[in-house]
Structure formats: structure tokens, C-alpha cells
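The block underneath contains the structure these notes are about, expressed in C-alpha cells.
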Protein chains: 2
Amino acid sequence: MVKTKNHDLQTQEKIFKAATEIFEEKGFAAARMQEIADRAGINKALLHYYFRSKELLFATVFQALLKKMFEKILSVFMMDISFEKKIKLYYEEHINILIKNPNLPLFLLNEISHNPDLVQGIRETLRYSEMRDVIYRQHSKELRKFGIKKGELPQLMVTIVSMAIFPFAARNIMKMMMEQLGETRNFNSFMQARKEFASDFVITALKNRKK
Amino acid sequence: MVKTKNHDLQTQEKIFKAATEIFEEKGFAAARMQEIADRAGINKALLHYYFRSKELLFATVFQALLKKMFEKILSVFMMDISFEKKIKLYYEEHINILIKNPNLPLFLLNEISHNPDLVQGIRETLRYSEMRDVIYRQHSKELRKFGIKKGELPQLMVTIVSMAIFPFAARNIMKMMMEQLGETRNFNSFMQARKEFASDFVITALKNRKK
DNA sequence: TTATAGTTTAACCAATTGGTCAAAGTTAGA
DNA sequence: TCTAACTTTGACCAATTGGTTAAACTATAA
């Protein structure tokens, strides 16, 4: 009979959590296995017992963080609601997620840029064909009225997501510039206000397009 | 009499160029001194003869790349022209620069995020007080008419620059998504088209704001 | 209780990495 | 030509890093 493993799940969880923090903060290249072991409160050899190599441990963490970034957002994009509602819901949900995980954007952008193989894992998380169907349906139902041509859809989509994601990637520079420019609010309240600003900005730009 | 150094300038240039390429591509942590030496076609010890350490070599490269990112853009921001003209000129110039240096955004964002001390060097490149004056002048002259409150200026500025910079930071993901969504154009022509799209988008959103 | 499989550790290892050094080569002024 | 400063190199070094191993420990089924 197969023996039940005792508390390896606890240990594995501890390692996974520590690795997530370190990798997300420092990136793959600057992360140290020893530091991950220390933060998990275990021996370095135990890392390799549960996750064979740094690459494997990283791949596990990366997949989870990729999911954290896209899962909820994708479900919003798939909803059958008006574009205006969708925009508002998107900024609300995505900015909430990113406030809780402010290092996520830069981490993902960076690792994907430095290791193209990771892109393969994305295909499973992002369901392209479904996404394309939803986008095209919304285009012919609503967006075409706004004078958006099919070929401009990528421009529009990149615009929308960049308004939510970019401030987090540029967080440190923004913090410094904001305090230099006499801004007293902190970054998080700036991002809270951005939910409404971005929604209004996008919707206004769309509704008043020259057709 | 002090002897004139012979061709150390050529060598120094070669090293600097190689270091710029490697650092920009891989970031500080993943860059290897040996690889820089190889690309420069010289001995590794010579790196340390001209630039004492990896940190110092990196700092030199970083300053130059920071300048490349901001110098021209800042001069556009400082111009005394209408907001509409300024927006158009900004996207034209900045996107041109970034097409020539597509790794610049992710490199700068990442290194600044990982090494807060680098932010100090930014203060020299970014003239805050001048910048603030120009922005406030343009606000009271033009932007206030659009219903933009002073407190919303940071929101507006971040929106404008994110539309130009973010696509480059997300270049790899975008490339993949675009080909999955049936986009046949390449990334550069997408960014060329973005000059006009972004200008129109921002200007339309501003001109039609509810006040 | 005991055999067995799973878990944890300390000590160790080979490879890599940033950096050094002494010696050889090169340049140009006296 | 000779010397003194600058340039370049190959060999080397200490520290770090990802990874291994054998032994000790723990839980549990029989």
C-alpha cells in the first residue's frame, strides 16, 4: 500500500510561497535558491527535493503568476455585457488585482521578454479562439458604430490595458515624479482614482470619434 | 609632459557599445562581463582596466540609456506650442526613438525598479521644476478649458506616455497575440499606425470631456 | 515493535563569476 | 635608442551559485 506523505504539502506550500515572493521581486536571474530556502525556513537541499531545479521551481511559480494576472481579466473580457460596462468592470477588477500584486506586471513582462519559451505556457491560459470570437462579436454589435474598424481593434485593446498596467510597471518612477511634482496622494489612491479616469477617458474617446 | 593615450578611446568605445547592447538586452543581473568582453573583442581584464567594476560599467551605460529615453522627449514637452501639436509631436518623436531602441522601456523600468539608487541619477536628466512650470502653464492656458483639474494632470500624463511606451514593454506578448488574432502587419508598422491612433484618441477624449 | 517509504539536514562539489596581477607589448618624448 | 607611461593579455583567485549525496530522522502500516 502506498504510504501517505506526511506534511510535505505544508513544506511544498512554504517553498512555493517563498519562491513566489523572491522571484516576483527579483526576477529569475537575480533570485537565489539560498534566499528562497531561508525565507521558507528550510534547508536548501529540500528545495531540490521538491522542485528538481531552479528552472522547474521558476516555471511552477511563473505559471501561477500568469494565471493570477489573466484569469479574472479574461473572464471579464468574455462577459456578454455592453462595452461601456465591460470597460468599467475591467478597470475595477484589474486594478484591484494589481494593487494586491504590484510587482506582477514588470515581472511577467520581463521574464517573457527574456525567455521566449515561457510564451508557450501562455497559450493554455489565454484561450485565443474564444477571445477572438468575443472581440469580433462585440465589434460588429457595438464598436463598429463608434467608427472603430476591425483593423484598429488591436490598437484599442492595447490602449485599454496599457492604462491599467503601465503605471504599476513604472511605479517607482511615478512615485518619485509625483512627490517631486507636489502630489501628496500615495500611489494606491492614485490607482483607485484611475479606475474612473481611465473608464471615462476611453469611453469618451470612443463615443466622439470622427467616423 | 603627460603622454597622450593612444587608442584607448577606440577601445573604450568598443567596450561601451558592447556593454550597452548586453545590458540592454539581458539586464544587470543576467549580463556577464565575459560576454561583454567577447562582444567587444577584447580581454576581460581590459574591462576592469577601463571601468573598474561591473557596477561602474553598468552605471555609465544606464546614464546614457536614460538620456536616450528622455532627452528628446523632454525637449518636446518643454516647447511652447498648443497641446494638440505637442501630443502629435510627442508620439511621432518618441515612437521613432523606441522603434530604434525597442528594449529601452523594459530595461529602464526594470533596473529602476530593482535598484532604487539609480533613481538619483534621474534627477539630473529630468528637470523637475522646469517640467512642472511648463505643465502648469499649459494647464491654465489650455487644459483647464477641457475640464481637466490640476489634480488630474498626473492621470493625463501617465495616460499619454503609457500609450507609447507600454506596447514596447509588452512587445513579445503583443507579437504573439497579434499573430494569433490573425494580424498580418508586423510590430513596427503597428507602432507607426499608433502615432496617429494615439494622438486622435487622446485629443478626442480631451475635447469631449464632460466639464 | 519493526520494516519501509518518505522527509530533512549538514557537508560537500563542480562550475561560474567578478575581479586581480604580473608580465609582455606598444607608443612617443627626450 | 632608451625610458617611462599607457595598453593588453593569460593565468590565476576567492567567492558565489545551483546542485548532489549519504546519513539521520519521522511517520505509519503490518
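The figures that follow rest on heavy atoms only: side chains count, while hydrogens, waters and symmetry mates do not. So you know, we letter chains A, B, ... as the sequences are listed, proteins then strands, and number each from 1.
Between the CD1 atom of Ile42(A) and the P atom of dT26(D) there is a distance of 17 Å, given to the nearest Å. Distance, Leu47(A) CG to dT17(D) P: 14 Å, rounded to whole Å. Here the C1' atom of nucleotide dT16(D) and the NZ atom of Lys54(A) are 12 Å apart, to the nearest Å. Between the CD atom of Glu55(B) and the C1' atom of dT17(C) there is a distance of 12 Å, given to the nearest Å. If you measure from atom NZ of Lys44(A) to atom C1' of dT9(C), you get 13 Å, rounded to the nearest angstrom. One atom, NE2 of His48(B), and another, C1' of dC13(D), lie 13 Å apart when rounded to the nearest Å. In this entry the distance linking CG of Leu46(B) with C1' of dA23(C) reads 15 Å, nearest Å. Rounded to a whole Å, the CZ atom of Phe51(B) is 13 Å from the P atom of dT7(D).
A donor-acceptor contact closer than 3.5 angstrom links the side chains of Asn186(B) and Ser189(B). Side-chain contact of Asp38(A) with Gln34(A): a donor-acceptor pair under 3.5 Å is present, judged by distance alone.
Within the 4.0 angstrom heavy-atom criterion, only backbone atoms of the sugar-phosphate kind lie near Ala31(A); the bases stay farther away.
Taking the ring axis of Phe77(A) as reference, the NZ or CZ atom of Lys86(A) does not stay both within 45° of it and closer than 6.0 Å to the ring centre.
Closest to the Ser53(A) side chain, of the nucleotides dG19(D), dT20(D), dT9(D), is dG19(D). Which of dG19(D), dT8(C), dC6(D) sits closest to the side chain of Tyr49(B) comes down to dC6(D).
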Checklist entry - Going through the distances and angles, do Arg127(B) and Glu130(B) end up as a salt bridge (charged side-chain N to carboxylate O under 4.0 Å, His left out)? => result CA-CA 6 Å; Arg127(B) 310 305 290 170; Glu130(B) 301 171 42; 3.7 Å; yes

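At the phosphate of dT8(D), OP1 or OP2 sits under 4.0 Å from a side-chain N or O atom of Thr11(B). Side-chain nitrogen and oxygen atoms of Arg32(A) include none within less than 4.0 Å of the OP1 or OP2 phosphate oxygen of dT16(D).
Closest approach of Leu118(A) to Glu111(A), counting heavy atoms only: CD1-O, 3.6 Å.
Near DNA chain C, meaning a heavy atom under 4.0 Å away, there are no residues from residues 20-28 of chain B.
For Glu92(B), the salt bridge (charged side-chain N to carboxylate O under 4.0 Å, His left out) criterion is met by Lys195(B), not counting sequence neighbours. Not counting sequence neighbours, Phe16(A) has no partner by the ring pair (Phe, Tyr, Trp, His ring centres under 6.0 Å) test.
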